[in-house]
2 protein chains.
Amino acid sequence: MNGSRPTIEDVARVAGVSRATASRVLNDAPGASEVLRRRVTQAIADLGYRPNETARALASGRQRTVDLIAVIDNPDLALGAHPYYSRVLAGVVAALETVNVQLRVQVVAEHDTARRIDTIAADLTAGAILANAAPDLATQLHQRSRKVVSIVPTAPSVPAVEADNAGGAHAAVRHLHALGRRRIAAIHGPDLNTCAIARRAGHRRAVKAFKLPDISTAGGFTREGGHAAALRLLDEHPDIDAMFVACDLMAAGAIQAITATGRRVPHDVSVIGFDDNVVAICTNPLLTTMRLPTEEMATAATRMLLTGTITPGHRERFTVELVERDSASPVG
Amino acid sequence: MNGSRPTIEDVARVAGVSRATASRVLNDAPGASEVLRRRVTQAIADLGYRPNETARALASGRQRTVDLIAVIDNPDLALGAHPYYSRVLAGVVAALETVNVQLRVQVVAEHDTARRIDTIAADLTAGAILANAAPDLATQLHQRSRKVVSIVPTAPSVPAVEADNAGGAHAAVRHLHALGRRRIAAIHGPDLNTCAIARRAGHRRAVKAFKLPDISTAGGFTREGGHAAALRLLDEHPDIDAMFVACDLMAAGAIQAITATGRRVPHDVSVIGFDDNVVAICTNPLLTTMRLPTEEMATAATRMLLTGTITPGHRERFTVELVERDSASPVG
DNA sequence: CTGAAAGCGCTAACAA
DNA sequence: TTGTTAGCGCTTTCAG
């Protein structure tokens with residue numbers, strides 16, 4: 001203990017072996033006798049030695065960190081406010097638990113992507129998980145490094161894990177229809193958001209299939225947006241008896257708005273959300289919603305990066321299932 | 001472009017200078033003429049050169065990453081479900097925005113801390129933000145590296161940013177009292193959680209000060225816990241007219257439980273939460289709550305690490321303020 | 001099986 | 001101002 005921490009050199013000296021041998025036992029690499037192995041292990045314990053990961057990475061050129069790139073389009077409902085990113089984080093962490101790989105988080109504002117894209121691409125090692133990156137950004141990153149996988153619908157060339165957003169939206173409307181609801185309105189997400197686009201498409205398909213009136217508006221994936229949208233909808237179409245809302249946060253706002261107009265949820269107006277994050281269990285009544293398997297998707301994406309099983313255009317699909325709680329009920 | 005990416009060596013060669021000079025302009029270090037500076041800059045652009053951060057870190061010994069250590073005590077309401085960590089993340093990221101420092105996230109299960117503590121301590125560079133680490137873990141990490149700061153109440157020796165949890169709890173009860181509420185119950189957090197302990201203390205102080213009956217129970221900082229606790233409370237003390245709930249997630253559950261018994265919030269039973277995270281705007285009615293300035297605290301903690309202004313026992317304090325929404329109202 | 005030696009890409013004395 | 005020369009701590013040939 002002369003101030004700075006022990007290096008592999010110290011370990012080697014104490015164990016009376018060469019640095020190479022010390023390195024071998026450190027990495028469980030073959031080519032070291034049981035005797036020396038024990039001596040080195042002992043020395044490591046005695047010195048309290050921990051390898052310097054930076055030096056390791058430099059020397060081996062190995063890739064020991066996964067990047068989570070969180071693109072923030074709306075600074076207000078950024079990381080702090082949105083439960084989505086925590087779920088992604090949880091999924092990534094789960095995949096990293098057993099392997100010795102670090103997680104680095106990079107948050108980049110949408111307007112700032114151009115400036116940072118090269119640096120980000122250059123710094124990637126094991127690869128990057130793209131959360132909420134627009135197709136063009138994803139494409140650019142993919143071109144620069146190959147080692148990226150998006151967890152939202154993205155450009156055709158970019159590897160991705162995708163949830164069946166369209167199918168989920170369709171199933172939501174179908175469920176509402178099966179409950180006897182016929183005046184089903186929809187609150188969609190942002191026009192350019194790929195998830196929102198897919199959900200919108202699924203909704204439209206269902207509206208056609210069930211010959212429903214298309215009463216739609218958009219709410220920007222925020223609580224406030226959902227609240228305002230619901231109010232608008234109710235004002236223009238007082239006879240609405242159900243709402244399909246493209247995310248839980250908006251659904252929370254919608255429920256508040258609906259009850260504020262004196263209507264009861266689910267009796268007068270049933271609502272189904274989308275995501276199934278923590279918000280869904282905090283609304284009153286509890287939110288019936290379509291479960292987006294975010295953690296599982298993030299885990300899968302991370303595994304893809306780790307195993308290197310990504311090829312341009314690669315797709316892994318996840319289903320979106322209905323989670324019945326209390327915000328949707330049969331008519332009457 | 002011969003396959004691998006350009007190194008500073010390549011830049012130097014193309015610019016016709018030494019590696020040292022290239023390094024100087026790269027780091028905006030003094031000691032390079034304007035002429036060479038331009039040549040190097042040009043070469044960097046031509047080659048699309050990006051410095052290898054790993055090599056940089058190794059050579060300079062500089063500390064370029066901040067660790068966020070998230071301790072998870074309950075795997076169920078882990079990262080994915082709890083809005084707290086996203087707020088912390090947002091705060092840390094905000095402090096890192098301008099400086100060239102990376103954020104690494106390490107999630108460690110409470111039962112696993114013993115096994116990982118040495119590795120974590122050894123890997124620290126700029127330092128670590130301790131989110132939700134118990135006092136003994138914090139102490140151990142602090143002993144091993146000095147460069148840690150907790151963002152929850154912790155052991156006396158560990159540097160920390162602390163919110164006035166006790167004051168906040170006291171203020172919550174005072175507010176309820178000022179509204180004319182006299183049968184104020186409390187739903188506390190986990191017995192061993194330091195935040196919960198402080199809030200409990202503040203509540204107890206207020207109960208004494210206002211000569212209120214002490215009707216308390218615990219809910220474990222989960223929605224389910226809050227729900228069950230509220231039901232229990234209402235069953236045993238049907239005349240309760242207000243609840244102080246130690247976190248928003250539990251408050252959401254409490255509101256659901258209260259309305260499920262046929263009582264109205266805030267009219268019959270007013271409730272005040274604690275945190276002011278996304279959950280507070282998703283309940284119905286909107287939750288009146290005590291704002292824990294999590295982002296600001298995380299930002300402050302990160303700055304402390306970056307500037308090195310941490311000494312054992314250092315404390316930076318934050319106030320907790322009432323955010324009035326719709327879940328608490330005057331009696332009558 | 002073991003060790004000597006050559007780097008990984010960069011920074012930072014130290015000379016010139 | 002510029003370049004030369006050592007390393008940072010580790011991995012990994014390559015001989016022995």
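Numbered from 1 within each chain, the chains take letters A, B, ... in sequence-line order. In this text the structure is predicted, and so the values were computed from the model without any measurement.
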Value in whole Å for how far the [atom2] atom of [N] lies from [atom1] of [X]:
X     : N      : atom1 : atom2 : result
B:N27 : C:dA13 : CG    : P     : 13 Å
A:I8  : D:dT12 : CD1   : P     : 11 Å
A:E34 : C:dC1  : CD    : P     : 11 Å
B:D28 : C:dA12 : CG    : P     : 14 Å
A:L58 : D:dC10 : CG    : C1'   : 8 Å
B:E9  : C:dG9  : CD    : C1'   : 9 Å
B:N52 : C:dG9  : CG    : P     : 7 Å
B:R56 : D:dG7  : CZ    : P     : 22 Å

- With sugar-phosphate meaning primed atoms plus P, OP1 and OP2, does A:G61 contact a base, only sugar-phosphate, or nothing at under 4.0 Å between heavy atoms? nothing
- Message: Using a heavy-atom cut-off of 4.0 Å across all strands, would you classify A:A32 as base, sugar-phosphate, or nothing?
- Response: sugar-phosphate
- Which sits closer to the 5' end of DNA chain D, B:R37 or B:S60, going by the nucleotide each is nearest to?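 First, find each residue's nearest nucleotide; the 5'-ward one identifies B:R37.
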Candidates [options] - which lies nearest the side chain of [X]:
X     : options                : result
A:S18 : C:dA4, C:dA13, D:dT2   : C:dA4
A:S33 : D:dG3, C:dC1, C:dG9    : C:dC1
B:A59 : C:dG9, D:dT2, D:dC10   : C:dG9
A:T7  : D:dG9, C:dC10, C:dT2   : D:dG9
A:R19 : C:dT11, C:dA6, D:dG9   : C:dA6
A:R24 : D:dT13, D:dT2, D:dT11  : D:dT13
B:L26 : C:dA13, C:dT11, D:dC14 : C:dT11

- Can A:N52 and A:R5 be counted as having a side-chain donor-acceptor contact under 3.5 angstrom? no
- Task: Give a yes or no on this: more than 12 heavy atoms of other residues, nucleotides or ligands lie within 6.0 Å of atom CZ of B:R116.
- Result: yes
- Query: Checking side chain to side chain contact (heavy atoms under 4.5 Å, CB included) for the pair B:Y85/B:I72: CA distance, chi angles, key distance, verdict?
  - Reply: CA-CA 10 Å; B:Y85 297 101; B:I72 305 295; 3.9 Å; yes
- Are the side chain of B:K147 and the backbone of B:L305 linked by a donor-acceptor contact shorter than 3.5 Å?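 Side chain of B:K147 to backbone of B:L305, a donor-acceptor pair under 3.5 Å: no, none is there.
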- Item | Test side chain to side chain contact (heavy atoms under 4.5 Å, CB included) applied to A:I8 and A:Y49, step by step | CA-CA 8 Å; A:I8 198 172; A:Y49 168 79; 3.7 Å; yes
